[in-house]
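Okay, so here's the structure we're looking at.
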Amino acid sequence: MPLSNISNDDFGKLVKFIHSHYGIDLSQKRQLVTSRLSSLLSQKGYADFGPFVSDLLKKQDPADMELVLNRLTTNYTFFMREQEHFDFFQHTILPDLVKRHQRDKVLAIWSAGCSSGEEPYNISIYLKEFLGVQASQWDTRVLATDISQKALASAKRGIYELPDTIPPAWKKKYFVPVKGGTQYAVAPVLRDNVIFQTFNLMDPIKFRLKFDVIFCRNVMIYFDQPTKDALVQRFYDATVPGGYFMISHSENLGKNAPYQTVAPSTFQKKR
């Protein structure tokens with residue numbers, strides 16, 4: 001069988017395994033699977049998909065699984081993505097949360113599926129800007145999780161090409177130019193405000209605190225509706241009463257979502 005093809009049996013096994021372990025629905029992505037994994041097969045020394053799929057599912061080697069997932073999903077993000085969310089975060093969510101947390105001065109925010117880290121760093125900028133001189137009195141550390149070790153390693157490095165949408169004052173305040181290039185490194189004030197952790201969104205959510213805000217944008221596009229519904233329910237259970245949940249503008253929650261809509265692609269748990 002040519003390398004560019006995958007048998008119905010092998011395709012079915014691979015789709016079932018990835019869906020059950022990672023929630024990703026590839027049932028209608030046969031061409032994507034074959035095209036994106038063919039070069040990986042060659043690198044690994046396989047002549048066709050049969051032995052590759054068999055070994056992958058038998059060994060379940062984390063490093064190999066990550067290679068496959070990185071080929072089949074797109075870890076693409078950038079600063080100031082879907083800025084309407086950040087505007088709502090700045091003008092509506094943060095005033096509400098700061099008022100509610102005046103006593104404990106702790107905000108629990110989760111960037112779920114953080115990819116290469118732009119989102120949690122971006123959230124941190126808005127937190128620092130909103131709190132101003134009082135920022136040091138607050139614990140605003142953002143939990144940033146992803147299933148990909150490769151993406152998290154990039155996020156922890158924190159070196160980026162910054163878009164023109166980043167205000168010059170922010171570039172000066174929150175980033176350090178990398179010598180000899182056009183890239184910038186996140187300053188310690190941002191780096192120290194993000195806690196990166198590996199996490200599979202199919203696992204039970206058992207973090208120490210419930211969250212005031214959960215960002216999960218451009219992640220559930222890979223999930224079928226039942227998987228998405230179950231995940232949204234887990235997010236809801238992990239949200240404090242009155243807390244917020246944000247998805248991307250290209251996604252929807254479904255008919256039976258427990259959250260209330262408060263703005264486009266922005267939701268709130270009943271108090």
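- The environment of NZ in K171 is crowded: more than 12 heavy-atom neighbours from other residues, nucleotides or ligands sit within 6.0 Å.
- The structure places CG of D229 at 11.0 Å from CZ of R234, a figure rounded to the nearest 0.5 Å.
- Taken from CZ in F130 to CG in L97, the straight-line distance is 9.0 Å, to the nearest 0.5 Å.
- At a threshold of 4.5 Å between side-chain heavy atoms, the hydrophobic network of Ile, Leu, Val, Met, Phe, Trp and Tyr places L209 and I205 in two separate groups.
- For the atom pair CE of M220 and CD1 of I24, the computed distance is 13.5 Å after rounding to the nearest 0.5 Å.
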Q: Given ring pair (Phe, Tyr, Trp, His ring centres under 6.0 Å), test F267 with F88 step by step and report yes or no.
A: CA-CA 11 Å; F267 309 88; F88 191 83; over 10 Å; no

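- Remark: the backbone N or O of R141 is paired with a side-chain donor or acceptor of D139 at under 3.5 angstrom.
- The two atoms that bring G254 and Q225 nearest to each other are CA-NE2, 3.8 Å, heavy atoms only.
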Q: For L14 and L56, run side chain to side chain contact (heavy atoms under 4.5 Å, CB included): C-alpha distance rounded to whole Å, both residues' side-chain angles, the deciding distance at 0.1 Å, then the answer.
A: CA-CA 9 Å; L14 184 62; L56 185 72; 3.8 Å; yes

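- Across Q102, R100, H101, a single residue satisfies side chain to side chain donor-acceptor pair (under 3.5 Å) together with D104, and that is H101.
- L94 and V106 sit in two unconnected hydrophobic clusters of ILVMFWY residues. Membership requires side-chain heavy atoms under 4.5 Å apart, directly or through other members.
- In this structure, D10 and G50 approach most closely via the heavy-atom pair OD2-CA, 3.2 Å.
- In this structure, L127 and V142 have side chains that are in contact, with non-hydrogen atoms separated by less than 4.5 Å.
- Between the side chain of S54 and the main chain of F52, no donor-acceptor pair closer than 3.5 Å is present.
- Between S116 and Y160, the closest heavy-atom pair is O-OH, 2.6 Å.
- Around atom CD of E161, more than 12 heavy atoms belonging to other residues, nucleotides or ligands sit under 6.0 Å away.
- Heavy-atom neighbours of K105 NZ from other residues, nucleotides or ligands within 6.0 Å: above the threshold of 12.
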(Q) side chain to side chain contact (heavy atoms under 4.5 Å, CB included), that's the test. Do Q134 and V98 meet it? Break it down for me. (A) CA-CA 11 Å; Q134 295 184 11; V98 168; 5.9 Å; no

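- Ring pair Y126/F86 is parallel by interplanar angle, where below 30° counts as parallel and above 60° as perpendicular.
- The side-chain heavy atoms of K173 and E129, taken from C-beta on, include a pair separated by under 4.5 Å.
- The stretch residues 191-209 participates, sequence neighbours left out, in no salt bridge (charged side-chain N to carboxylate O under 4.0 Å, His left out) pair at all.
- For the 3.5 Å distance criterion, the side chains of D146 and S148 fail to qualify, holding no donor opposite an acceptor.
- If you chain together hydrophobic residues whose side chains sit under 4.5 Å apart, L131 and I109 fall into the same group.
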Q.
side chain to side chain donor-acceptor pair (under 3.5 Å), that's the test. Do T92 and Y244 meet it? Break it down for me.
A. CA-CA 11 Å; T92 302; Y244 298 87; over 6 Å; no

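- I159 and I125 end up in different hydrophobic clusters when Ile, Leu, Val, Met, Phe, Trp and Tyr side chains are linked at under 4.5 Å.
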(Q) Please evaluate residues I166 and Y184 with respect to the criterion side chain to side chain contact (heavy atoms under 4.5 Å, CB included), reporting the C-alpha separation (whole Å), side-chain torsions for both, the decisive distance (0.1 Å), and the verdict. (A) CA-CA 12 Å; I166 291 281; Y184 290 78; over 6 Å; no

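- Remark: side-chain polar atoms of N200 are not paired, donor with acceptor, to backbone N or O of I147 under 3.5 angstrom.
- Taking every heavy atom of both residues into account, E251 and V219 meet most closely at OE2-N, 3.5 Å.
- Taking a 6.0 Å sphere around CD of Q31, one finds it holds 12 or fewer heavy atoms contributed by other residues, nucleotides or ligands.
- Between D61 and K44 there is no salt bridge, since no side-chain N of the basic residue sits under 4.0 Å from a carboxylate O of the acidic one.
- Counting non-hydrogen atoms of neighbouring residues, nucleotides and ligands closer than 6.0 angstrom, the CG atom of N256 reaches no more than 12 such neighbours.
- Put simply, F89 and V262 are part of the same group of oily side chains (I, L, V, M, F, W, Y) that touch within less than 4.5 Å, one to the next.
- With values rounded to the nearest 0.5 angstrom, L67 atom CG is found 10.0 Å from L37 atom CG.
- In this structure, V53 and F11 have side chains that are not in contact, with every pair of non-hydrogen atoms separated by 4.5 Å or more.
- With Q197 contributing its side chain and T145 its backbone, the two residues share no donor-acceptor pair below 3.5 Å.
- Between the side chains of D237 and Q233, at least one donor N or O lies within less than 3.5 Å of an accepting N or O.
- Counting only heavy atoms from C-beta outward, the side chains of H249 and E84 approach each other to under 4.5 Å.
- For the pair R30 and F49, the NZ or CZ position fails the cation-pi test of under 6.0 Å to the six-membered ring centre and within 45 degrees of the ring normal.
- Taken from CG in L253 to CG in L231, the straight-line distance is 10.0 Å, to the nearest 0.5 Å.
- Of all heavy-atom pairs spanning V189 and K128, the tightest one is O-CE, 3.7 Å.
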Q. Are K228 and N252 close enough, and set up right, to give a side chain to side chain contact (heavy atoms under 4.5 Å, CB included), and what steps lead you there?
A. CA-CA 10 Å; K228 189 189 304 183; N252 61 75; 4.2 Å; yes

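- In summary, the aromatic rings of H21 and F17 are positioned with their centroids under 6.0 Å apart.
- Geometrically, K269 engages Y236 in a cation-pi contact, judged by NZ or CZ lying under 6.0 Å from the ring centre and within 45° of the ring axis.
- In this structure, the ring of Y259 has its center no less than 6.0 angstrom from the ring center of F235.
- Of the possible donor and acceptor atoms, one in the side chain of E66 sits under 3.5 Å from a partner among the backbone N and O of Q149.
- Taking the six-membered ring where the residue is Trp, F199 and F207 present tilted rings, their angle falling between 30° and 60°.
- Taking the side chain as every heavy atom from C-beta outward, M202 and T227 approach each other to under 4.5 Å.
- Side-chain contact check for I247 versus V232: every heavy-atom pair is 4.5 Å or farther apart.
- A donor and an acceptor atom, one from each side chain of N193 and T140, are located under 3.5 Å apart.
- Here CG of L57 is found 8.0 Å from CD1 of I18. Values are rounded to the nearest 0.5 Å.
- Taking all atoms of both residues into account, the shortest heavy-atom contact from L201 to C216 is CD1-SG, 4.4 Å.
- Considering only heavy atoms from C-beta on, L152 comes within 4.5 Å of C114 through its side chain.
- In this structure, the ring of F245 has its center no less than 6.0 angstrom from the ring center of W110.
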